[in-house]
Number of protein chains: 2
Amino acid sequence: MTERKREILAASQNVLKEKGYAATSVRDIAKALSMEPASLYSHFKSKEDILKITCFEMADKLEIGIAEVNDIYFNAEEKLRTAINLHVKVLTQNLNSAMIFIRDWRNLTGKSLDQFILKRNAYEAGFREIVQTGINEGIFNETDKKFAALTILSSVNWIVEWYKEDGSLSSEQIATKLSDFILSGLKKDKV
Amino acid sequence: MTERKREILAASQNVLKEKGYAATSVRDIAKALSMEPASLYSHFKSKEDILKITCFEMADKLEIGIAEVNDIYFNAEEKLRTAINLHVKVLTQNLNSAMIFIRDWRNLTGKSLDQFILKRNAYEAGFREIVQTGINEGIFNETDKKFAALTILSSVNWIVEWYKEDGSLSSEQIATKLSDFILSGLKKDKV
DNA sequence: ATATTTGCCTAACGAACGTTAGTTCGTGAG
DNA sequence: CTCACGAACTAACGTTCGTTAGGCAAATAT
């Protein structure tokens, strides 16, 4: 990808995250770049192309993280903490893309949509695997794996709704808090 | 609201939940009702009117629940379990509306949007209050209240993404699992 | 029986949509 | 110096959008 294309992509994402993909027009994007709508088509072949690139780049970044984690030898708690940390890092470091990725992937169509769903399922399976590992090791409660993985991911994904780059919490701090919460829950340990 | 209006509203929501508010046209909605687009305007004054009614009806239902819970004398754990149970019940019993409410409220404009955000904040504050109660009672970990409330709500809201009416889990079972997860976490209690 | 209201229709409006065609202009390569 | 090319432009295409005006028939109220 050329430097200019990357630049335009970033600006597009900055616009798309505001009102969402469907409610944002090509003209909105062009205006933010002080260029003509038609000029965008020198770089992208369609509006959906921008969405597609955004969603798949995010999916790829997350995929790399979870594959890594499940390869290295860690115990389940370490694996989960590492996976959450990587996930939070990817989201916070690409906040615009992350919002589009999480909210707007449904606007993909045809083969792109199918492929995206496959990737998403594979990623979720990675989390289920970590939960299973923990159960096997005897350190996690017997639980509905699918349910647990979905709940974990939902907590983690929701940070795009409230995370502010200038906020007081770093990516690592958020990840630690989330991991603590997910692992230990709200209730005080009985002493 | 007349019976007919309610009927049209329900059909509209059934269409809107599929592709989202912005990507769904008035003509899509009319087609699902086997009527002409213009006829919808005998019942609703605009497309946004449908969104507004949907979002605020959901917000009101949830609001009633949380107010109730914070009034009755319960300990914090009971309060939280009850609040989650009510929330899950409202979501699962109005699944179409719930998806629109959670995903598409951003498409509200002007005063409606402002008012919605106020309601949303008030609702979140209700959850924060429950967390605070638990901390005061000494049964919840000292924690970032705002963070905890957001994490709880995100887990609960995410069920609209995977809940199927014909699935094996009832609303109560889901609420119990969620509450257990949120209160106790994934890790086995040290024995 | 007559008047009013309701619910839907047909037709059409102007605006906004995503996209394409064709062109110009500056830059770097042969 | 010329040529090719990338990146932007102007102009416009056909479509779809949300919405309105006005009418008509059936149901309801007087």
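Labels below follow one simple rule: chain letters A, B, ... track the order of the sequence lines, proteins then strands, and each chain is numbered from 1.
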Worksheet entry | Side-chain N,O (B:H43) to OP1/OP2 (C:dT6) below 4.0 Å |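 Checking C:dT6 against B:H43, no side-chain N or O comes under 4.0 Å of OP1 or OP2.
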Starting from [atom2] on [N], measure out to [atom1] on [X] and report it in whole angstrom.
X: B:E48; N: D:dT19; atom1: CD; atom2: C1'; answer: 14 Å
X: B:L40; N: C:dG7; atom1: CG; atom2: P; answer: 13 Å
X: A:K31; N: C:dA16; atom1: NZ; atom2: C1'; answer: 12 Å
X: B:K45; N: D:dG18; atom1: NZ; atom2: C1'; answer: 14 Å
X: B:E36; N: C:dG7; atom1: CD; atom2: P; answer: 17 Å
X: B:D28; N: D:dG18; atom1: CG; atom2: C1'; answer: 12 Å
X: A:Y41; N: D:dA12; atom1: OH; atom2: C1'; answer: 14 Å
X: A:I29; N: C:dG18; atom1: CD1; atom2: P; answer: 8 Å

Worksheet entry | More than 12 heavy atoms from other groups under 6.0 Å of NZ on A:K31 | no
Worksheet item: A:R4 near the nucleic acid: base, sugar-phosphate alone, or nothing, with a heavy-atom cut-off under 4.0 Å?
Response: sugar-phosphate
Worksheet item: Using a cut-off of 4.0 Å on non-hydrogen atoms, how would the nucleic acid contact of B:T2 be classed: base, sugar-phosphate, or nothing?
Response: nothing
Can you tell which of [options] lies closest to the side chain of [X]?
X: B:M35; options: D:dT19, C:dC8, D:dT10; result: C:dC8
X: A:S42; options: C:dT10, D:dA7, C:dC8; result: D:dA7
X: A:R27; options: C:dA11, D:dC17, D:dA12; result: D:dA12
X: B:S25; options: C:dC9, C:dG18, D:dC17; result: D:dC17

Discussion item. As a quick check of understanding, evaluate side-chain contact (heavy atoms from CB on, under 4.5 Å) for A:L178 and A:I159, giving each step before the final call.
Written reply: CA-CA 10 Å; A:L178 267 171; A:I159 69 171; 4.0 Å; yes
Discussion item. So that I know where these two stand, are B:F116 and B:F101 an aromatic pair - ring centroids less than 6.0 Å apart?
Written reply: yes
Worksheet item: Is it true that A:E63 and A:R120 make a salt bridge, defined as a side-chain N closer than 4.0 Å to a carboxylate O?
Response: no
Worksheet entry | Ionic contact status for A:R106 with B:E161, cut-off 4.0 Å |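 So B:E161 pairs with A:R106 through a salt bridge.
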